Amino acid sequence: MRNKLIDVYAIIQQYWPLGMAFILAGLYRIFKPRIKGALGERKIALRLNGLSRYKYKVINNLVLEVNGRTSQIDHVVISDFGVFVIETKNVKGWIVGNEHSEYWMQVIYKRKEKLYNPLRQNQAHIAALKHHLYNFPNITYVPIVVFSNRSAIKVETDAFVIYSSQLTSVIKQSSETRLSQAEKETIFAKLTAVNLSGTYDRATHIKGIRKRIKERDKSIQHGKCPQCGGALTARQGRFGRFFGCSNYPQCKFTVNQ
């Protein structure tokens, strides 16, 4: 019996590194998107840390609650020149789409994956910021979508959809003073006070997002705009047929046919 135990122990000693490697590889595969996202956000945070602390006040990972729903914003920069709202995408490959489409496409060789339009994500983020900063109705919000330098941006838009290496130079392009030092301090203090990043439940947040997607898809199936409730009408555009909101240009919601 003792010899058998010794044999089992020897086998475990011999093969446990291989077993641990398989386990770690499996865990990495499961959590890879979250790990990549966190690394991308960390890199952007380091870039933003190089900005002048007198002109710019940075909040990373801002989580706001509005009417029972949470909105997670990667980075907010409160500056003399307005509030920059930054959404980061640490992905590679071609990023193809246009400003008003619901989804963009990530293309890596023959593999294609849908990517929810991050410009729309930022619109929701700005709405959440306006809800909490209602005492500052004249704030200029500047949405920026940042992709990894490993990607190739092929997006039809006039908005700031840029590479991570361009971020600080794009921010510094703004030069018209819009906020005083006191206003910046007040806005920073307000957002810091309502930030739920340390206590919010990520699983509940994701569940809420999936619920909203389901509700949106249901509205679309019934021919209603999920943003304003207007009727969806078929149209022909540069990229083919699509459905657009009948309340255009007040509402610019579109979805591919």
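None of the values given here were measured: they were computed from a predicted structure. All values below come from the heavy atoms of this structure, side chains included, with hydrogens, waters and symmetry mates left out.
Remark: N122 CG to I73 CD1 distance equals 8.0 Å, nearest 0.5 Å. For the atom pair CZ (F253) and OG (S219), the distance works out to 8.5 Å, reported to the nearest 0.5 Å. In this structure, the separation between CD on Q173 and CZ on F160 is 5.0 Å, given to the nearest 0.5 Å. Distance check: L179 CG to N138 CG gives 10.0 Å after rounding to the nearest 0.5 Å. Separating the CZ atom in R111 from the CD atom in Q106 is a distance of 6.0 Å, to the nearest 0.5 Å. To the nearest 0.5 Å, atoms CZ (F188) and NZ (K190) are separated by 14.5 Å.
Shortest non-hydrogen contact noted between C228 and N247 is SG-ND2, 3.2 Å. When all heavy atoms are compared, the tightest approach of A124 to S71 is O-OG, 4.3 Å. The shortest non-hydrogen separation linking H125 to Q72 is NE2-O, 3.1 Å. When all heavy atoms of I95 and S151 are compared, the closest pair comes out as CG1-CB, 4.2 Å. Annotation for S165 and N149: closest pair OG-OD1, 3.2 Å, computed over non-hydrogen atoms. Closest non-hydrogen pair, L51 versus K172, comes out as CD2-CE, 3.8 Å.
When side chains are defined from C-beta on, I220 counts as touching P226, because their heavy atoms get closer than 4.5 Å. N117 places none of its side-chain heavy atoms less than 4.5 Å from the side chain of H100. W104 is not listed as a side-chain neighbour of E113, based on a closest heavy-atom distance of 4.5 Å or more. At a threshold of 4.5 Å between non-hydrogen side-chain atoms, the residues D74 and N61 do not count as touching. V63 is not listed as a side-chain neighbour of V194, based on a closest heavy-atom distance of 4.5 Å or more. Looking only at side-chain heavy atoms (C-beta outward), T140 and V83 stay at 4.5 Å or farther from each other. Counting heavy atoms from C-beta outward, C225 and C251 have side chains that approach closer than 4.5 Å. Between E102 and Y116, the closest side-chain pair of non-hydrogen atoms falls below 4.5 Å.
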task: Could you please spell out the steps behind the side chain to side chain donor-acceptor pair (under 3.5 Å) verdict for D80 and T177?
output: CA-CA 5 Å; D80 297 350; T177 300; 5.3 Å; no

- request: Evaluate side-chain contact (heavy atoms from CB on, under 4.5 Å) for H222 paired with K218, printing each intermediate quantity in order.
  value: CA-CA 6 Å; H222 287 83; K218 186 177 180 180; 3.9 Å; yes

message: Pair L119, E99 - check side-chain contact (heavy atoms from CB on, under 4.5 Å), show working.
response: CA-CA 7 Å; L119 291 173; E99 184 171 348; 3.8 Å; yes

field: Steps toward side-chain contact (heavy atoms from CB on, under 4.5 Å) verdict (V85, I144)
entry: CA-CA 6 Å; V85 186; I144 303 177; over 6 Å; no

message: Between I86 and V145, does the side-chain contact (heavy atoms from CB on, under 4.5 Å) criterion hold? Intermediate values first, please.
response: CA-CA 6 Å; I86 302 167; V145 176; over 6 Å; no

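For the pair K55 and F81, the cation-pi test (distance below 6.0 Å, angle within 45°) is failed. F147 does not carry K89 over the face of its six-membered ring by the limits of under 6.0 Å from the centre and within 45° of the normal.
No donor-acceptor distance shorter than 3.5 angstrom exists from the side chain of R235 to the backbone of T254, with no hydrogens or angles considered. For the pair N60 (side chain) and A45 (backbone), a donor-acceptor distance under 3.5 Å is absent. A distance-only check finds a donor-acceptor pair linking the side chain of E183 to the backbone of S180 [under 3.5 Å]. The closest donor-acceptor contact from the side chain of T186 to the backbone of A182 lies under 3.5 Å. Without hydrogens or angle criteria, H132 side chain to A128 main chain gives no donor-acceptor distance under 3.5 Å.
Taken together through direct or relayed side-chain contacts under 4.5 Å among Ile, Leu, Val, Met, Phe, Trp and Tyr, L191 and F84 form parts of separate hydrophobic clusters. Both I139 and I78 are assigned to one and the same hydrophobic cluster, defined by single-linkage of ILVMFWY side chains at heavy-atom distances under 4.5 Å. Hydrophobic cluster membership differs between I44 and Y141, with clusters built from Ile, Leu, Val, Met, Phe, Trp and Tyr side chains linked at under 4.5 angstrom. Note on V96: it does not cluster hydrophobically with L115, by side-chain heavy-atom contacts below 4.5 Å among ILVMFWY residues. Cluster membership for V155 and Y163, using ILVMFWY side-chain heavy atoms within less than 4.5 angstrom, is shared.
More than 12 heavy atoms of other shown residues, nucleotides or ligands fall within 6.0 angstrom of atom NZ in K184.
Screening I59, V76, V58 for a side chain to side chain contact (heavy atoms under 4.5 Å, CB included) involving L48 leaves a single residue, V58.
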